[in-house]
Number of protein chains: 2
Amino acid sequence: MTDVSAERQPVAIAQRPTIPESEFAARLQRVQRLAESLELDAIVVYGDDRATMGAGHVRWLIDYFPHFEPIAVLVAPGVDPIAVTGPESDSYIESTSRLRGAIAVTEEFVHPDEEYPFTTVEPLASVLDRLLPSTVGAARRVGLAGSEMISPRLLDGLRQQATIVPVDQQYGALRARKSPAELAVIRYAYEIAQEGVLAAVRAISSGEVSERDVGAEIDYALRRWGAEGSGIDTIVAAGPEHTYPILHRTSTRMIRPGDAVILTVAPRYEGYHGAIGRTVHVGDVDTRLRDAREVAIAAQRHTAELLVAGAHAPDVDRAARGVVRDAGYGDYFLYTGIHSIGVMEFEPPILASFDTTTVEEDMVFSVDIPMFHTPWGGLRAENGYHVAPGGAVPLQTVADAIDIA
Amino acid sequence: MTDVSAERQPVAIAQRPTIPESEFAARLQRVQRLAESLELDAIVVYGDDRATMGAGHVRWLIDYFPHFEPIAVLVAPGVDPIAVTGPESDSYIESTSRLRGAIAVTEEFVHPDEEYPFTTVEPLASVLDRLLPSTVGAARRVGLAGSEMISPRLLDGLRQQATIVPVDQQYGALRARKSPAELAVIRYAYEIAQEGVLAAVRAISSGEVSERDVGAEIDYALRRWGAEGSGIDTIVAAGPEHTYPILHRTSTRMIRPGDAVILTVAPRYEGYHGAIGRTVHVGDVDTRLRDAREVAIAAQRHTAELLVAGAHAPDVDRAARGVVRDAGYGDYFLYTGIHSIGVMEFEPPILASFDTTTVEEDMVFSVDIPMFHTPWGGLRAENGYHVAPGGAVPLQTVADAIDIA
């Protein structure tokens with residue numbers, strides 16, 4: 001049992017950690033150096049408002065959260081960057097981001113049915129000419145971070161001005177190891193996530209509630225503690241049908257005695273995420289559910305012990321799957337469970353069996369042990385760990401196995 | 001002053017309106033007929049989890065809300081549709097959508113760093129061969145709804161199997177007039193939005209609060225009343241700097257006497273949106289703010305009077321801009337303010353000056369009178385209207401001008 005009797009007051013705003021301005025200046029320089037090392041004239045960093053991954057690349061670079069309209073930040077060595085975006089975003093970028101550079105509105109971002117009578121729309125070609133005056137068109141080699149997400153119209157526009165090279169891997173690698181300021185922010189994001197889990201436990205304990213009622217209490221706790229949103233929508237999934245799929249949309253189903261309830265809580269704070277997954281047992285549940293949850297928790301603890309500097313990705317992946325397979329649940333471990341967490345809730349390095357990552361100090365991993373598509377439904381056990389000099393340090397203190405009477 | 005003393009209990013779940021199953025069957029048939037009328041072999045309906053527009057096309061067709069992985073629904077006349085998606089979404093689609101058809105996982109949706117050892121990945125070519133057995137490759141003509149959003153990888157995959165024709169306009173037009181069930185759901189979405197505005201007023205009235213505190217109370221109210229999320233993130237923007245841009249990210253700034261506070265509240269309920277925008281005055285505010293708000297409200301009322309069946313888009317747009325221009329604020333009316341609202345918070349028909357729409361009964365419009373980039377900041381006045389036989393019926397009752405002492 002987790003003690004949830006004492007609801008804590010949120011940490012005061014002035015005491016919450018933030019990322020200092022100087023860190024953004026250093027990040028820009030690292031992207032400029034990446035361009036040089038890859039012999040690129042520039043790197044385009046794309047972002048949009050898709051819920052799970054859209055903003056990450058851009059948020060890390062200029063602390064900007066796109067909404068409604070996408071953005072692309074054009075970074076070239078030795079000069080200030082230029083952001084290109086749509087007509088509703090220029091002053092929003094100025095007001096909320098750490099961009100030190102110009103902003104241009106180009107046709108590729110204008111909603112085709114909308115009109116903006118007071119906006120100057122500049123051709124993308126002229127923006128690139130401003131950024132890269134000494135090069136022309138197809139002779140330019142430009143890297144692209146966000147190549148899986150970029151809109152076809154913007155990609156077509158860029159291709160007319162340069163040869164485009166995907167650099168998602170290399171760009172993502174720049175943020176694999178976290179700075180002290182990032183670690184402080186991530187720790188606080190986990191603190192928020194934990195408050196969300198505790199709010200869910202209180203809500204379920206209080207009596208007749210639906211999944212959506214519990215979701216409302218979780219999200220309210222996250223917001224009060226300072227979350228700006230979530231890296232993946234809050235999931236409250238109760239009973240065999242709703243826990244069976246990997247993803248679930250929090251519904252109006254009532255929570256009943258005998259239910260296993262998956263909670264997935266992933267707040268975003270200052271652009272960074274914490275993610276905690278719990279499978280809460282309500283009243284007397286089937287012994288298979290108890291056994292499977294014990295196995296998942298054991299797999300998670302074993303995996304965390306291996307998350308030390310110098311570990312190789314396939315070994316960690318194999319260890320997690322091994323515990324689950326040996327207990328007879330291997331076929332339900334459907335996806336790669338060990339992934340980095342930061343400005344995306346799910347980001348590289350991801351420790352798949354084919355991955356070549358060597359774990360380094362100050363990486364932060366989410367260890368998500370999944371069992372889904374089982375005869376009794378499914379479950380998730382997800383915790384965060386900071387790879388510190390002495391080994392993996394847990395980023396949450398809430399109990400792994402939560403039972404509600 | 002708006003009376004907010006009596007906080008209402010949310011409507012019981014069983015009493016909330018929903019869209020019946022039969023309506024989804026009818027929608028599928030309409031898309032099949034659209035394909036026939038455009039002489040297309042099939043129509044591909046794309047959706048992803050971008051916050052403001054990603055899910056709309058797919059939600060309308062099969063009541064599915066993509067998350068993490070995108071989806072494309074392939075619709076051909078005379079046969080069941082096939083959904084193509086990623087390995088984490090197949091059982092999620094089965095569990096939560098109204099799709100009556102097969103689901104296939106294809107390579108175009110698989111995250112490049114992830115592995116799914118127990119998933120069968122089918123080539124997109126073979127899925128299209130199953131759907132359209134009597135046609136081959138480039139001879140196929142396939143329409144695409146979501147052409148502005150689709151990922152480059154999926155678009156490339158589709159182009160190898162068919163000639164792709166954007167049909168965003170024609171597909172969107174299918175849902176311009178709302179059914180009685182849709183109108184009931186939209187009315188309830190506005191009721192939720194209104195509860196959000198009232199929660200904000202209570203929060204601001206209660207004393208020392210930040211924008212984010214107010215946002216937390218708004219979102220909590222939306223969730224308790226049944227919102228699944230928002231069509232545009234809740235905006236609480238206080239003071240000249242934060243009200244100046246069209247968009248704002250709710251921040252930790254404290255709300256102070258003398259502030260104008262823009263509230264934009266756009267809950268999603270059963271896939272449909274309500275959107276209310278208010279500029280609340282806290283204490284004694286600058287007379288220019290009062291004057292501008294009066295003008296915006298007058299423009300909105302005048303526009304609503306013109307929203308009758310038979311009206312032409314440019315006339316409505318001109319009327320709204322005319323009131324604002326005549327009062328000397330024309331240069332701040334930055335975007336097209338009158339747009340439809342439904343499964344997207346902002347969707348066609350959009351009544352721009354170049355638009356050819358004739359307003360019809362049972363269309364639903366959001367009339368958003370914007371003033372931004374002004375010397376004193378900015379404001380928004382946004383209301384929803386149902387075009388009924390007797391004229392436009394307001395979808396909210398909350399006061400247009402809210403002052404907090």
Side-chain angles (χ1 to χ4, degrees), chain A residues 13 48-52 54 65 67-68 87-89 91-92 94-96 112-116 118-119 147-153 155 210 212-213 215-216 219-220 223-224 226 228-229 232-233 241-242 244-252 331 334-336 348 350 352-355 372-373, chain B residues 13 48-52 54 65 67-68 87-89 91-92 94-96 112-116 118-119 147-153 155 210 212-213 215-216 219-220 223-224 226 228-229 232-233 241-242 244-252 331 334-336 348 350 352-355 372-373:
Chain A
I13 286 170
D48 63 29
D49 72 356
R50 69 192 76 195
T52 41
F65 194 91
H67 202 54
F68 185 65
E88 302 208 12
S89 301
S91 60
Y92 172 45
E94 268 174 39
S95 153
T96 61
D113 299 332
E114 263 272 26
E115 67 188 329
Y116 297 94
F118 305 104
T119 300
S147 64
E148 294 281 329
M149 301 190 289
I150 191 168
S151 73
R153 193 151 52 121
L155 184 57
S210 68
R212 213 172 278 184
D213 293 328
D219 286 350
Y220 184 48
R223 298 276 183 187
R224 288 181 63 234
E228 328 157 344
I232 190 154
D233 287 357
E241 289 81 18
H242 288 183
Y244 181 91
I246 297 170
L247 294 163
H248 174 63
R249 188 131 297 262
T250 302
S251 80
T252 52
D331 291 357
L334 298 186
Y335 54 81
T336 312
I350 291 160
S353 72
F354 52 74
D355 187 58
F372 290 103
H373 295 184
Chain B
I13 286 170
D48 63 29
D49 72 357
R50 69 194 74 197
T52 39
F65 194 91
H67 202 53
F68 186 63
E88 303 208 11
S89 301
S91 59
Y92 171 46
E94 267 174 39
S95 153
T96 60
D113 300 332
E114 264 272 25
E115 68 188 327
Y116 297 93
F118 306 103
T119 300
S147 64
E148 294 281 327
M149 301 190 289
I150 191 167
S151 73
R153 194 151 53 119
L155 184 57
S210 68
R212 214 173 277 186
D213 294 328
D219 286 350
Y220 185 48
R223 297 277 184 190
R224 289 179 65 233
E228 328 157 346
I232 191 154
D233 286 358
E241 290 81 15
H242 289 183
Y244 182 91
I246 297 171
L247 294 163
H248 174 63
R249 188 132 297 263
T250 303
S251 81
T252 53
D331 291 355
L334 297 186
Y335 54 81
T336 312
I350 291 162
S353 72
F354 52 73
D355 186 58
F372 290 103
H373 296 184

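Bear in mind the structure is a predicted one, so any value in this text is a computation, not a measurement. Chain naming here is simple, since letters A, B, ... match the order of the sequence lines and numbering starts at 1 in each.
Using a 4.5 Å cut-off on side-chain heavy atoms (C-beta onward), A:P152 and B:I150 make contact. Taking the side chain as every heavy atom from C-beta outward, B:L247 and A:S89 approach each other to under 4.5 Å.
Both the backbone and the side chain of A:P112 come within less than 4.5 Å of a heavy atom of chain B. In this structure, chain A has heavy atoms under 4.5 Å from both the backbone and the side chain of B:E148. Proximity to chain B (any heavy atom under 4.5 Å) is shown, for A:I232, by both the backbone and the side chain. Using a 4.5 Å cut-off between heavy atoms, A:I13 touches chain B through its side chain atoms alone.
Between B:Y335 and A:E114, the shortest heavy-atom distance links the atoms CB-OE1, 3.9 Å. The minimum heavy-atom distance linking B:S91 with A:I246 is given by the pair OG-N, 4.2 Å.
Counting heavy-atom pairs under 4.5 Å between each of B:D331, B:T252, B:D213 and chain A puts B:D331 at the top. Among A:T96, A:D233, A:D355, the residue making the largest number of heavy-atom pairs under 4.5 Å with chain B is A:D233. With chain B as partner, the option from A:G215, A:P87, A:S353 having the largest number of non-hydrogen pairs under 4.5 angstrom is A:S353.
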Apply side chain to side chain contact (heavy atoms under 4.5 Å, CB included) to the pair A:R223 and B:Y220, showing each step before the final yes or no. CA-CA 9 Å; A:R223 298 276 183 187; B:Y220 185 48; over 6 Å; no
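The distance from atom CD of A:E228 to atom OG of B:S251, rounded to the nearest 0.5 Å, is 11.0 Å. Between atom CG of residue B:D48 and atom CG of residue A:D48 there is a gap of 7.5 Å, rounded to the nearest 0.5 Å. Going from atom CZ of A:R249 over to atom OG of B:S95 covers 11.5 Å, rounded to the nearest 0.5 Å. Between the CG atom in A:D219 and the CZ atom in B:R224 there is a gap of 14.0 Å [rounded to 0.5 Å]. We find the OH-NE2 distance between B:Y92 and A:H242 to be 11.5 Å, quoted to the nearest 0.5 Å.
Side-chain atoms of B:T336 and A:E115 form no donor-acceptor pair, as typed in the model, at a separation below 3.5 Å.
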